[in-house]
Structure formats: structure tokens, C-alpha cells
Amino acid sequence: MPLSLADMRRNYTLDGLQDDLTLDDPLALFRQWLQEARDTESAPVEANSMALATVDSQGHPHCRILLLKGLGDEGFTFFGNYQSDKGLDMAGNPHVAMTFFWPALERQVRIEGQVSRLDTQLSDAYFDSRPLASRLGAWASPQSRPVASRAALESLLEATGQRFVGQTLPRPEDWGGYCLRPERLEFWQGRADRLHDRFDYRLCKGVWKRNRLAP
């Protein structure tokens with residue numbers, strides 16, 4: 001029997017975004033929404049999970065799920081392998097997009113901007129805070145490259161562990177952090193009858209301009 005998707009739909013009724021109550025600072029509004037996602041019992045454990053979209057040298061888009069690891073005045077922080085597919089994409093084209101989706105709250109946030117590498121000291125500090133197994137994995141995994149088998153990958157991890165026995169594990173040079181400096185954020189709140197609330201923030205000469213968008 002073929003899978004039917006046409007009739008899969010739900011009516012969103014939890015909340016709304018009012019023009020006079022929406023914050024002028026989109027980063028403050030994002031922090032509020034992220035905290036509410038973390039506090040919602042039925043929400044996913046990793047409320048900081050996000051889709052990161054990049055574009056390669058051929059103009060082909062790629063998207064994957066990552067974890068947000070920081071949010072400061074300058075932007076959104078995440079970490080990864082500089083030589084991975086996403087790392088090479090961002091080295092060639094720093095324009096990226098993020099999407100956060102919190103279904104329990106019927107909310108979505110889209111973010112667009114440019115990325116740059118974090119200062120090495122910040123990358124070192126985060127790397128040192130990770131569990132040992134995760135740090136070893138960063139050394140062992142040739143991320144985005146073919147491996148012969150699961151057994152081969154586990155052998156790489158075992159060899160890495162033996163290599164650093166009794167040593168302090170430094171951060172690999174090809175692994176570190178990125179900061180996305182936002183130029184646009186869009187907040188989406190599901191509403192009944194598909195009349196969803198959408199607020200679009202764009203950075204214009206250092207000032208955030210807000211507009212309500214039609215759903």
C-alpha cells in the first residue's frame with residue numbers, strides 16, 4: 001500500500017506572537033524561546049539541536065543536524081572538523097543558514113548570516129571541556145571521508161587511545177569552533193487555520209528592523 005502524506009496535517013493552537021509584545025532584539029527573543037524549549041517537559045532533550053545549511057563550490061546545498069554550543073552578543077557558536085564537508089563548504093562560502101524547530105511549542109526559528117572561525121583559545125577551552133571519548137573521536141575520525149567498515153573506524157579509535165595514553169589530549173588543528181554572525185532571523189509560531197505568525201528581523205546598518213510576514 002503506498003504511503004499517503006497528503007492528509008497528514010495538524011492545527012496549531014498553543015500560542016501566538018502579538019505585534020506589541022514581540023521583542024525588538026531578536027537575540028533576546030531567541031534566548032527566551034530556547035529557554036522555554038529547554039523547560040518544556042515534552043520537548044526533545046536537545047533543544048539546542050539545529051539544521052545547518054551550507055553551499056559547496058558547485059553551488060549545491062547541504063544540510064545536517066548539529067548542536068548549538070553558545071550564544072553571545074556576536075552570534076551563534078558551534079564546533080566541528082574544519083576538513084569535513086561542512087568545514088570545506090564554509091571555507092569557500094561563509095554564508096550559511098540555521099533552523100531550529102521545537103514541535104512541542106509549535107515554533108521554528110530561521111537564522112541567516114556569515115560564519116568565521118572562533119579564536120583558538122575559545123576552541124581549546126571547549127575541546128578541553130568535552131568528555132574524553134568525544135575528544136578521542138575528534139582525533140580518530142576522518143570526518144566525511146570513506147571508511148572500510150565499522151570495525152575499521154573502531155580500530156582507528158583504539159589506536160588513537162593508545163597513542164595518547166598518559167598524555168594530555170590537545171585539540172586537533174583541524175577541529176574547532178565557528179561563530180555565525182546573524183544578519184537575518186525569522187520567528188515562526190504556529191497558529192490555527194494556517195494563519196501562522198511570522199516575524200522577520202533584518203540587520204540594517206547595525207539596527208534590527210522587524211516586519212510581520214504573511215504566512
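Numbers here are sequence positions counted from 1.
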* Yes or no on side-chain contact (heavy atoms from CB on, under 4.5 Å) for Lys69 and Phe78, after CA distance, side-chain angles and deciding distance? -> CA-CA 5 Å; Lys69 288 299 180 179; Phe78 59 97; 5.5 Å; no
* Does Arg107 count as lying over the ring of Trp33, i.e. NZ or CZ under 6.0 Å from the six-ring centre, within 45 degrees of the axis? -> yes
* To do: Begin with the C-alpha distance, continue with both residues' side-chain angles, and end with the deciding distance and a verdict on side-chain contact (heavy atoms from CB on, under 4.5 Å) for Thr99 and Met50.
  => CA-CA 5 Å; Thr99 300; Met50 64 186 186; over 6 Å; no
* Parallel, tilted or perpendicular, as decided by the 30° and 60° cut-offs, for the rings of Tyr82 and Tyr178 -> perpendicular
* Under 4.5 Å between side-chain heavy atoms, hopping through other hydrophobics if needed: is there a path connecting Val55 to Leu52? -> no
* To the nearest 0.5 Å, tell me how far His196 NE2 sits from Glu106 CD. => 9.5 Å
* State which residues pass salt bridge (Lys or Arg N to Asp or Glu O under 4.0 Å) with Arg194; sequence neighbours excluded, sorted by chain then number. => none
* To do: Identify whether Leu180 and Trp175 are in the same connected component of the hydrophobic contact network (ILVMFWY, side-chain heavy atoms under 4.5 Å).
  => no
* Would you give the length of the straight line joining atom CG of Leu66 to atom OG of Ser49, rounded to the nearest 0.5 angstrom? => 10.0 Å
* Taking a hydrophobic cluster as the set of Ile, Leu, Val, Met, Phe, Trp and Tyr residues connected by side-chain heavy atoms closer than 4.5 Å, whether directly or through intermediates, do Val109 and Leu23 fall within one such cluster? -> yes
* Knowing that exactly one of Leu88, Asn93, Val96 qualifies, which makes a side-chain contact (heavy atoms from CB on, under 4.5 Å) with Thr54? -> Val96
* **With Asp200 via salt bridge (Lys or Arg N to Asp or Glu O under 4.0 Å) - residues at least two apart** => Arg184, Arg202
* Residue list, side chain to side chain contact (heavy atoms under 4.5 Å, CB included) with Ala151, at least two apart or on another chain -> Ser149
* Taking the side chain as C-beta and beyond, is there a heavy-atom pair between Leu156 and Pro142 under 4.5 Å? -> yes
* Asked: Under 4.5 Å between side-chain heavy atoms, hopping through other hydrophobics if needed: is there a path connecting Leu68 to Phe127?
  -> no
* Give, for atom CG of Leu185 and atom CG of Leu29, the distance between the pair rounded to the nearest 0.5 Å. => 9.0 Å
* Is the shortest distance from a Lys or Arg side-chain nitrogen in Arg212 or Asp197 to a carboxylate oxygen in the other one below 4.0 Å? -> yes
* Asked: OG/Ser144 to CZ/Arg64 distance, rounded to the nearest 0.5 angstrom?
  -> 8.0 Å
* Test item: His95 and Val115 side chains (from C-beta on) under 4.5 Å apart, heavy atoms -> no
* Around Glu173, counting heavy atoms of other residues, nucleotides and ligands shown, do more than 12 lie under 6.0 Å from its CD? -> no
* Structure fact -> In terms of heavy-atom contacts, Cys204 and Lys209 come closest through SG-CG, 3.8 Å
* Smallest separation among heavy atoms of Ser84 and Gln143, with atom names -> CB-OE1, 3.2 Å
* To do: Please check if Leu122 and Phe76 belong to a single hydrophobic cluster, counting links between Ile, Leu, Val, Met, Phe, Trp and Tyr side chain heavy atoms closer than 4.5 Å.
  => no
* Considering all heavy atoms, the nearest Leu157-Ala140 contact -> CA-CB, 3.7 Å
* Structure fact -> Output for pair (Leu27 CG, Ile111 CD1), nearest 0.5 Å, gives 8.0 Å
* Write out all pairs satisfying side chain to side chain donor-acceptor pair (under 3.5 Å) with one or both partners inside residues 126-138, taking only residues at least two apart or from two chains. => none
* To do: List the steps, then state whether side-chain hydrogen bond (donor to acceptor under 3.5 Å, both in side chains) holds for Glu183 with Gln114.
  => CA-CA 8 Å; Glu183 299 167 355; Gln114 296 189 52; 3.3 Å; yes
* Asked: What closest approach, in Å, do Phe79 and Ser123 show between heavy atoms, and which atom pair accounts for it?
  -> CE2-CA, 4.0 Å
* Asked: Which of these, Tyr201, Phe100, Phe199, Phe30, sits in a ring-ring contact (aromatic ring centres under 6.0 Å, His included) with Phe187?
  -> Tyr201
* Asked: Do Leu71 and Thr77 come close enough that some side-chain heavy atom pair is under 4.5 Å?
  -> no
* Asked: What closest approach, in Å, do Asp19 and Arg210 show between heavy atoms, and which atom pair accounts for it?
  -> O-NH2, 3.4 Å
* Glu36 vs Arg38, side-chain contact (heavy atoms from CB on, under 4.5 Å): CA-CA, chis, key distance, verdict -> CA-CA 5 Å; Glu36 291 173 2; Arg38 291 184 64 185; over 6 Å; no
* Asked: Please, which pairs that meet salt bridge (Lys or Arg N to Asp or Glu O under 4.0 Å) have at least one residue in residues 74-88, sequence neighbours excluded?
  -> Glu74-Arg181, Asp85-Arg145
* **side-chain contact (heavy atoms from CB on, under 4.5 Å) between Asp15 and Arg191, intermediate numbers included** => CA-CA 7 Å; Asp15 205 349; Arg191 296 294 297 272; over 6 Å; no
* Structure fact -> Taken to the nearest 0.5 Å, the spacing of Trp102 CH2 from Asn48 CG works out to 9.5 Å
* To do: Determine the minimum heavy-atom distance between Leu136 and Gly161, stating which atoms define it.
  => CD2-CA, 4.0 Å
* To do: Give a yes or no on whether the backbone of Leu195 and the side-chain of Asp193 come within a donor-acceptor separation of less than 3.5 Å.
  => no
* Structure fact -> Contacts satisfying ring-ring contact (aromatic ring centres under 6.0 Å, His included) that involve residues 149-169 (not counting sequence neighbours) are Trp139-Phe164
